[in-house]
There are 2 protein chains.
Amino acid sequence: MLTQKRQKLIESYVNQHELCRVSDLSKMTATSESTIRRDLIQLEDEGLIKRVHGGAQSVKNFAHDVSQHIRFTLNHEDKILIARYAVKHYVHENDYLFIDAGTTSYEMVPLIASIAGVTIVTNGIETALSAVGHGINTILLGGKIKEDTHAIVGQAALEQMQSMNFTACFMGTNGIDRQGKLTTPDLEEAAIKKAAIAHADRTYVLSDSSKIGERNFAVFGNIKQVTVITTKLNSQHQGLLPAEVDLKEAN
Amino acid sequence: MLTQKRQKLIESYVNQHELCRVSDLSKMTATSESTIRRDLIQLEDEGLIKRVHGGAQSVKNFAHDVSQHIRFTLNHEDKILIARYAVKHYVHENDYLFIDAGTTSYEMVPLIASIAGVTIVTNGIETALSAVGHGINTILLGGKIKEDTHAIVGQAALEQMQSMNFTACFMGTNGIDRQGKLTTPDLEEAAIKKAAIAHADRTYVLSDSSKIGERNFAVFGNIKQVTVITTKLNSQHQGLLPAEVDLKEAN
DNA sequence: CCTAAAAGCAATCATTTTCACTCATAAATG
DNA sequence: CATTTATGAGTGAAAATGATTGCTTTTAGG
């Protein structure tokens with residue numbers, strides 16, 4: 001990869017994520033940490049980012065952590081772990097993937113960029129923009145745009161999916177309850193997820209442990225249909241799941 | 001191949017791709033890397049490109065971020081004038097509008113926000129995001145995303161439009177030639193524009209004066225089908241247009 | 001608060017990639 | 001035919017990268 005391209009990628013990643021680790025940038029760009037550090041020094045000289053111990057910080061939004069080191073929310077670290085695990089194990093060359101509009105699935109995109117020939121279909125506008133920015137062949141579903149999540153929903157999107165089959169599909173969830181029901185707050189988004197599952201050879205649900213045992217309004221599937229990828233679970237969480245779940249713990 | 005032709009090719013390739021490697025150019029032109037390097041040195045001397053280690057970079061806009069591109073685009077004042085004129089005279093309450101992915105049409109969105117009951121259909125991702133942000137009912141066409149303009153194109157988008165009729169449609173153009181042909185560089189974008197015109201009661205083409213007399217590859221319509229909104233024209237520009245044009249000058 | 005382990009860093013060096021320069025060949029020009 | 005011009009290949013130099021090392025900062029556990 002060309003130096004300039006990599007540095008642009010880094011800049012946009014840092015600005016989008018507000019704060020990130022050297023190791024994440026290294027994974028994303030598939031270069032060594034040495035190179036990332038050199039890039040960060042340059043970018044800091046140009047005033048495009050701010051370097052902090054452990055990584056880099058967006059320079060635009062300084063209303064953040066004043067301390068000189070980075071500190072992620074536990075959630076965000078988990079999301080990256082889960083995304084990385086999913087890409088590493090379940091995305092292959094020339095796959096046709098469906099990726100839904102959630103934040104965890106969004107983290108998968110930069111990692112997919114280094115896998116050749118992948119096509120991403122998504123109903124998330126930001127996910128699509130990120131994928132295109134990473135040079136991935138991208139198809140965005142059409143339809144109404146939800147104001148809060150920027151997810152695309154509606155009949156048009158569902159119809160469009162009728163003519164597609166996915167090698168794999170990846171989606172988030174807002175809850176997995178004791179019966180193994182996968183739920184989300186919005187009916188229309190649930191319909192999209194349901195359709196994606198129906199048209200995919202394999203489905204992976206990305207869920208950090210906080211979603212285990214939760215329940216929401218709209219059911220879009222059952223744990224039996226999918227593989228759940230999550231972070232390390234404690235025994236309390238495991239008790240909240242059905243026994244027959246196909247569960248992968250990212251680490 | 002002729003040296004000058006090759007250099008033209010290199011220049012346009014670099015500008016289109018924003019950044020590329022010497023090896024890409026070598027493959028594209030079927031010449032040695034030595035020759036490419038010599039060409040790049042010349043082109044850099046002429047200020048047409050910027051050389052970087054491993055390749056060359058467009059000197060014009062370092063705008064990977066299209067939304068940023070929109071803000072710093074050429075003739076911005078003119079575009080705003082045209083957009084304002086278009087909204088003021090041709091957008092009414094409860095209209096169903098098609099707005100294409102160009103920068104001028106993008107400027108219309110904030111102005112439309114104050115008109116009640118309008119629905120916007122667009123193939124521009126940034127246009128859609130802006131419209132949603134302004135609380136406008138927004139439908140985004142689905143399909144492939146073009147990497148350079150972030151326009152959505154392809155069969156899916158065309159099919160989706162089959163079931164729609166627009167009160168009015170607004171689009172940019174890259175050229176209006178002496179015969180009144182409306183042109184744009186990309187075939188697939190042209191197809192979208194063509195379909196929009198076919199499904200709209202009225203079509204308005206937004207064009208600053210620099211496009212008058214220009215010609216591009218893909219024809220998407222003729223001036224007779226549409227109303228052209230432009231800035232004040234001098235007599236030279238007027239000479240480059242057919243007589244029978246329905247022309248409005250914004251000011 | 002202190003200390004040990006872990007994580008992150010700058011500095012350095014070896015390797016790989018890219019470059020500038022040179023030279024030889026071939027085509028165009030007078 | 002001699003001369004200029006464009007090209008491609010080769011070579012040592014320069015730049016970029018990746019890995020290693022020893023030092024500093026941070027974290028975790030008493």
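Numbered from 1 within each chain, the chains take letters A, B, ... in sequence-line order.
Atom CG in Asp39(A) sits roughly 7 Å away from atom P in dT17(D) (whole-Å rounding). Note: NE2 (His53(B)) to C1' (dC19(C)) measures 7 Å, nearest angstrom. For the pair Gln7(B) CD and dT5(D) C1', the interatomic distance rounds to 13 Å; values are reported in whole Å. Across the protein-nucleic acid pair, Ile36(A) atom CD1 and dA19(D) atom C1' stand 15 Å apart, rounded to whole Å. As a whole-Å value, the separation of Ile41(A) CD1 from dG8(C) C1' is 13 Å. Atom CG in Leu40(B) sits about 16 Å away from atom P in dA6(D), given to the nearest Å. One interatomic measurement links the two molecules: CZ of Arg21(A) to C1' of dT27(D), which rounds to 12 Å at whole-angstrom precision. Per the geometry, CD belonging to Glu44(B) stands 9 Å off P belonging to dA20(C), to the nearest Å.
Ser23(B) places a side-chain heavy atom less than 4.5 Å from the side chain of Glu33(B).
Applying the side chain to side chain contact (heavy atoms under 4.5 Å, CB included) test to Ala156(B) and every residue at least two apart in sequence or in another chain returns Gln160(A). Residues passing the ring-ring contact (aromatic ring centres under 6.0 Å, His included) test with Tyr106(A): none are found, sequence neighbours excluded. Checked against ring-ring contact (aromatic ring centres under 6.0 Å, His included), Tyr13(B) has the following partners two or more places apart in sequence or in another chain: His17(B).
A 6.0 Å sphere centred on CD of Gln4(B) holds no more than 12 heavy atoms belonging to other residues, nucleotides or ligands. Residue Arg202(A) places its CZ atom among more than 12 non-hydrogen atoms of other residues, nucleotides or ligands, all under 6.0 Å distant.
The end-to-end axis angle of the helix from dC1(C)-dG30(D) to dG30(C)-dC1(D), rounded to 10 degrees and based on five pairs per end, is 30°.
For Thr3(B) and dT5(D), the shortest distance from a side-chain N or O to OP1 or OP2 is not below 4.0 Å. Phosphate proximity of dA16(D) to Arg6(A): absent, as no side-chain N or O sits under 4.0 Å from OP1 or OP2. Contact annotation: Arg51(A) side-chain N/O to dC9(C) OP1/OP2 distance is not under 4.0 Å.
For the segment residues 23-34 of chain B, residues with any heavy atom less than 4.0 angstrom from an atom of DNA chain D are, sorted by number, Thr31(B), Ser32(B), Ser34(B).
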- Might you work through the side chain to side chain contact (heavy atoms under 4.5 Å, CB included) test for Val118(A) and Leu97(A), ending with a clear yes or no? CA-CA 7 Å; Val118(A) 173; Leu97(A) 306 179; 3.8 Å; yes
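Taking CD1 of Ile112(A) as the start and CD1 of Ile120(A) as the end, the distance is 4.0 Å to the nearest 0.5 Å.
Comparing Leu2(A) and Arg37(A) by the nucleotide of DNA chain C whose heavy atom lies nearest to each, the residue mapping closer to the 5' end is Arg37(A).
Between the Glu18(B) side chain and the Ser58(B) main chain, no donor and acceptor come within less than 3.5 Å of each other. Without hydrogens or angle criteria, Thr29(A) side chain to Leu25(A) main chain gives a donor-acceptor distance under 3.5 Å.
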Is there any protein nitrogen or oxygen under 3.5 Å from a nitrogen or oxygen in nucleotides 23-30 of chain C, and what are the pairs?
none

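With ring centers used as reference points, Phe170(A) lies under 6.0 Å from Tyr204(A).
With a 6.0 Å cutoff to the six-membered ring centre and a 45° limit on the axis angle, Lys193(B) counts as a cation-pi contact of Phe220(B).
Distances were taken from every side-chain heavy atom of Thr35(A) (C-beta onward) to each of dT17(D), dC9(C), dG8(D); the shortest belongs to dT17(D).
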